Amino acid sequence: MFLTKVFRSRKLSRSLNSTTPFDPSPAGDRNSGEEPPQCNDWSTLLPELLREIIRRVDIIEEHWPHRQNVVACAGVCKRWRNITREIVRSPSHKGTITFPSCLKQAGPHDLPQQCFIKRNKKTSTFYLYLSLTSSLTDKGKFLLAGRRYRRGTHTEYIISLDADDLSQGSNAYVGKLRSDFLGTNFTIYDSQPPHSGAKPSSGRSSRRFDSKQISPEVPAGNFEVGQLSYKFNLLKSRGPRRMVCTLKCPISSPSSSSGESSDIISPDGHKIHSSREHGHSILKNKAPRWHEHLQCWCLNFHGRVTVASVKNFQLVATVDQSKPGGKGDEETVLLQFGKVGDDTFTMDYRKPLSAFQAFAICLSSFGTKLACE
């Protein structure tokens, strides 16, 4: 009631309703230097009152499409934008997706973020949507798009905020997934450094541009943030694909603020360095059980997967540095992916994974892997 009176008295509700939700470059994430028009009254509110107004809007408008009102708050003026970003990006936030930057932040802790992927076979393009309801026929809200390209002996999936502009030179480019010749080993690259002091990966394959860097604000290279591999199935034994993922994930727990660094050992024996700003999570697919009556391998997807497919999987953590002691919980599913239609798949993820990381992992499952099946 308090917020309704405030917004109506100042006629701000008109601007809230007219705001386009989740623009690829909304006021809340804009780096162009342009400032929205200043509002004489709203820009001079006391910081305490302003923070309380935005905090309440953030709590009340928790889900899309009403979440667009939070984006609208960031478009009022610079002061509103800074406070809105601070509230949305706080470590205590529930993992709600508001701005494009939220796609690279850890997902919810308690319940998975439900999404789905639509595939266009003709254009080799994949579209990630946020589920707005629990229905599998939900139209959803567009988040990311990925397109498969063949680069000589390798395959790349370019990931973008713009469904119509999927190139590494685009302002909407957020990262890519690159495979080896067999399509069994993948590297995930981020367009932005995952932490302060991070250096772009060396090598021609990790560069965004063929020419020299065009702007100091646009990194010329990509930053490696994860690797995943599918295990060979040389004996052709029955069962789903087996995979292992090593990911750099943001840490927001109190134990991560000590400023210390540590090393962990991955399943393949490699030492991985971890800093106070990001940790590593090692994931593996959850082993299914054999169902004697159905004569097939089964996993409990809790109604979110309806079609049997070799692409279906669930990932659990063996190492998770967002948790005390860094030990993973091999019973809690952090990412599940499965088929519900000819070209529709569900994707549910949770902390410490981000939407971007989860999408990249799921894209790796679409290619044919004869040596792994």
Side-chain angles (χ1 to χ4, degrees), residues 1-30 35-39 41-116 128-135 137-144 161 250 252 347-351 353-356 358:
M1 182 64 69
F2 163 75
L3 287 175
T4 302
K5 290 181 178 179
V6 171
F7 287 137
R8 285 180 179 174
S9 64
R10 299 287 184 162
K11 296 183 179 180
L12 183 62
S13 58
R14 179 169 29 180
S15 64
L16 294 179
N17 293 331
S18 63
T19 300
T20 301
F22 210 73
D23 189 293
S25 57
D29 263 12
R30 191 173 293 161
E35 300 296 341
Q38 297 292 325
C39 303
D41 294 335
W42 290 99
S43 63
T44 57
L45 282 177
L46 291 174
E48 295 80 5
L49 178 59
L50 178 56
R51 189 178 300 275
E52 181 63 16
I53 291 175
I54 298 177
R55 187 187 68 82
R56 293 196 188 188
V57 175
D58 178 61
I59 293 174
I60 296 173
E61 313 291 19
E62 185 176 359
H63 304 289
W64 288 92
H66 302 296
R67 192 72 182 163
Q68 62 183 310
N69 293 339
V70 180
V71 179
C73 287
V76 173
C77 63
K78 183 177 181 179
R79 290 181 66 240
W80 281 62
R81 182 169 74 246
N82 292 338
I83 292 178
T84 303
R85 292 172 66 182
E86 179 183 334
I87 292 174
V88 170
R89 295 180 178 180
S90 64
S92 60
H93 208 266
K94 298 180 181 179
T96 305
I97 294 176
T98 308
F99 304 125
S101 59
C102 297
L103 297 172
K104 294 185 179 179
Q105 295 176 355
H109 179 269
D110 298 327
L111 295 173
Q113 186 77 272
Q114 294 185 341
C115 305
F116 62 92
L128 175 65
Y129 296 86
L130 176 67
S131 297
L132 302 181
T133 68
S134 58
S135 173
T137 59
D138 181 4
K139 290 185 178 180
K141 174 175 181 50
F142 172 79
L143 298 178
L144 291 169
L161 291 166
S252 58
M347 185 196 90
D348 302 339
Y349 72 97
R350 63 197 301 170
K351 185 179 181 181
L353 294 178
S354 67
F356 166 70

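Only this structure's heavy atoms are used, side chains among them; waters, hydrogens and symmetry mates stay out. Since the model is a prediction, treat every value here as computed from it, not as a measurement.
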Smallest separation among heavy atoms of V71 and W64, with atom names: CG2-CH2, 4.0 Å
Quick check: do R55 and T84 have side-chain heavy atoms less than 4.5 Å from each other? no
All side chain to side chain donor-acceptor pair (under 3.5 Å) counterparts of E61, not counting sequence neighbours: N69
Locate the shortest heavy-atom distance separating C115 from L143; write the atom from each residue and the value. SG-CD1, 4.4 Å
Anything under 30° is parallel, anything over 60° is perpendicular, the rest tilted; go ahead and classify Y129 against F142. perpendicular
For the CD1 atom of I54 and the CD atom of E86, what is their distance to the nearest 0.5 Å? 9.5 Å
Would you call R51 and E48 a salt bridge, using N to O less than 4.0 angstrom? no
Between L128 and L103, is a side-chain contact (heavy atoms from CB on, under 4.5 Å) present by the stated rule, with each step listed? CA-CA 11 Å; L128 175 65; L103 297 172; 5.8 Å; no
Checking S134 now: which residues fulfil side chain to side chain donor-acceptor pair (under 3.5 Å) with it, not counting sequence neighbours? none
Can you tell me how far the CZ atom of F356 sits from the CG atom of L144, to the nearest 0.5 Å? 8.0 Å
Which heavy atom of Y349 sits nearest to which heavy atom of S354, and what is that distance? CE1-C, 3.7 Å
Rounded to the nearest 0.5 Å, what separates atom CG in L132 from atom NZ in K141? 8.0 Å
Considering non-hydrogen atoms only, spot the tightest contact between C73 and W80 and give its length. O-CB, 3.1 Å
Between the OG1 atom in T96 and the CG atom in L130, the distance rounded to the nearest 0.5 Å is 9.5 Å
Can you tell me how far the CZ atom of R79 sits from the CG atom of L50, to the nearest 0.5 Å? 5.5 Å
Quick one: pull up CZ in R350 and CD in Q113 and give me the separation to the nearest 0.5 Å. 11.5 Å
Locate the shortest heavy-atom distance separating F116 from S131; write the atom from each residue and the value. CD2-OG, 3.5 Å
Can you name the nearest heavy-atom pair linking K351 to A106, along with the distance? CG-CB, 4.0 Å
Apply the side chain to side chain contact (heavy atoms under 4.5 Å, CB included) test between V70 and each candidate in I59, I87, V88; give the one that qualifies. V88
What verdict does the side-chain contact (heavy atoms from CB on, under 4.5 Å) test give for K78 and N82, after you've listed the backbone C-alpha separation in whole Å, the side-chain angles of each residue and the deciding distance to 0.1 Å? CA-CA 6 Å; K78 183 177 181 179; N82 292 338; 3.8 Å; yes
